[in-house]
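The block underneath contains the structure these notes are about, expressed in structure tokens.
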Amino acid sequence: QVQLVESGGGLVQPGGSLRLSCVASGVDVDYYGIGWFRQAPGKEREAVSCVSSTDGATYYADSVKGRFTIARDNAKKTVYLQMNSLKAEDTAVYYCATVEFHKFVGYNRCYGDAYWGQGTQVTVSS
């Protein structure tokens with residue numbers, strides 16, 4: 001049975017940091033691209049950051065470039081999302097998922113695939 005379990009969410013003040021973790025079981029993350037998505041109330045779910053399974057290529061949404069960093073530790077079956085300089089607009093439920101990772105000339109894209117976690121709430125507020 002495949003499971004993705006997120007943790008690390010919480011309440012943080014603007015400018016603060018959080019590190020989200022996504023631990024996989026029942027699936028070999030070596031062979032999957034993994035991504036982080038978020039959904040704020042009243043908004044569509046959006047891809048935040050993804051990492052490919054092959055060469056470690058990454059994708060970041062424009063809104064988080066320079067502030068968020070994705071990293072994977074295949075031995076621990078874990079993918080992390082380090083979030084710095086958090087803003088109120090980063091408030092959302094964050095999900096990890098397996099992804100289809102597409103590389104184009106000059107840019108990458110990723111799309112949620114078969115497996116999703118339950119999500120972890122991130123609230124940025126003073």
Side-chain angles (χ1 to χ4, degrees):
Q1 182 181 1
V2 177
Q3 272 194 315
L4 299 175
V5 179
E6 305 95 335
S7 63
L11 173 64
V12 63
Q13 292 186 342
S17 298
L18 284 174
R19 188 177 78 158
L20 305 184
S21 299
C22 172
V23 180
S25 60
V27 61
D28 193 340
V29 294
D30 294 37
Y31 299 106
Y32 285 90
I34 302 290
W36 288 94
F37 298 77
R38 68 186 180 188
Q39 187 165 22
K43 294 189 176 181
E44 292 188 356
R45 187 169 58 196
E46 61 173 346
V48 176
S49 181
C50 302
V51 59
S52 76
S53 62
T54 53
D55 58 2
T58 57
Y59 162 82
Y60 292 97
D62 287 344
S63 59
V64 306
K65 281 181 182 176
R67 300 189 298 122
F68 290 12
T69 304
I70 192 168
R72 62 190 301 157
D73 185 334
N74 289 342
K76 295 183 178 180
K77 294 190 174 184
T78 302
V79 175
Y80 304 98
L81 185 68
Q82 178 67 45
M83 305 187 296
N84 298 329
S85 302
L86 283 161
K87 305 175 182 180
E89 50 263 44
D90 295 317
T91 296
V93 178
Y94 284 70
Y95 302 88
C96 69
T98 55
V99 301
E100 291 185 5
F101 194 101
H102 297 273
K103 290 190 279 189
F104 301 94
V105 177
Y107 67 98
N108 301 324
R109 289 290 183 269
C110 58
Y111 305 93
D113 197 7
Y115 305 112
W116 290 79
Q118 294 300 305
T120 185
Q121 176 71 46
V122 171
T123 302
V124 185
S125 175
S126 56

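Quantities reported herein were computed from a predicted structural model and do not represent experimental measurements.
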Counting C-beta onward and ignoring hydrogens, is there a side-chain heavy-atom pair between [X] and [Y] closer than 4.5 Å?
X	Y	result
H102	N108	no
L81	S49	yes
S17	V12	no
Y60	I70	yes
R38	V64	yes

Candidates L4, V48, V79 - the one meeting side chain to side chain contact (heavy atoms under 4.5 Å, CB included) with C96: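 Running side chain to side chain contact (heavy atoms under 4.5 Å, CB included) over L4, V48, V79 with C96 returns exactly one hit, L4.
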I'd like to check the side-chain hydrogen bond (donor to acceptor under 3.5 Å, both in side chains) partners of K43; sequence neighbours left out, ordered by chain and number.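 Once residues adjacent in sequence are excluded, K43 has no partner under the side-chain hydrogen bond (donor to acceptor under 3.5 Å, both in side chains) criterion.
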Sequence-distant partners of Q82, side-chain hydrogen bond (donor to acceptor under 3.5 Å, both in side chains), two or more places apart: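 side-chain hydrogen bond (donor to acceptor under 3.5 Å, both in side chains) check on Q82 returns N84.
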Sequence neighbours left out, what pairs pass salt bridge (Lys or Arg N to Asp or Glu O under 4.0 Å) with at least one residue falling in residues 15-25?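 Sorted result for residues 15-25: empty, none.
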Which pairs pass salt bridge (Lys or Arg N to Asp or Glu O under 4.0 Å) with one or both residues in residues 103-116, sequence neighbours excluded?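 Pairs touching residues 103-116 that pass the test: D55-K103.
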Under the side-chain contact (heavy atoms from CB on, under 4.5 Å) test, residues paired with [X] that sit two or more places apart:
X	result
T78	S21, V23, K76, Y80
Q121	T91, V93, T123
A88	none
V122	L18, L20, M83, Y94, V124

Pairs satisfying disulfide (SG to SG under 2.5 Å), at least one member in residues 34-88, at least two apart: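 Qualifying pairs, neighbours excluded: C50-C110.
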Locate the shortest heavy-atom distance separating S53 from G33; write the atom from each residue and the value.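 In terms of heavy atoms, the two residues are closest at CB-N, 3.7 Å.
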May I ask you to list the residues sharing a hydrophobic cluster with Y111, side-chain cutoff 4.5 Å, ordered by chain and number?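 So far as hydrophobic clustering goes, Y111 is joined with none.
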Do any pairs count as a ring pair (Phe, Tyr, Trp, His ring centres under 6.0 Å) and have a residue in residues 20-48, sequence neighbours left out, and if so which ones?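 Qualifying pairs, neighbours excluded: F37-W116.
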Please determine whether the number of non-hydrogen atoms from other residues, nucleotides or ligands lying under 6.0 Å from atom CD of Q39 exceeds 12.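 Enclosed: over 12 neighbouring heavy atoms sit under 6.0 Å from CD of Q39.
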Could you measure the distance from the CD atom of E6 to the SG atom of C22? Nearest 0.5 Å is fine.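 If I round to the nearest 0.5 Å, the distance is 5.5 Å.
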Would you give the length of the straight line joining atom CZ of R67 to atom OG1 of T69, rounded to the nearest 0.5 angstrom?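 It comes to 11.0 Å.
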Count I, L, V, M, F, W, Y as connected when their side-chain heavy atoms are under 4.5 Å apart, and connections chain through other members. Are V2 and Y95 then in the same cluster?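 No, V2 and Y95 fall in different hydrophobic clusters.
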Please determine whether a side-chain nitrogen of the Lys or Arg among K87 and D90 lies less than 4.0 Å from a carboxylate oxygen of the Asp or Glu.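 Salt bridge flag = no for D90 with K87.
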Which residues pass the ring-ring contact (aromatic ring centres under 6.0 Å, His included) test with Y107, not counting sequence neighbours?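 Y107: ring-ring contact (aromatic ring centres under 6.0 Å, His included) contacts with F104.
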Can you tell me if R72 uses its side chain to pair, donor with acceptor, with the backbone of S52 under 3.5 Å?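 Side chain of R72 to backbone of S52, a donor-acceptor pair under 3.5 Å: yes, one is there.
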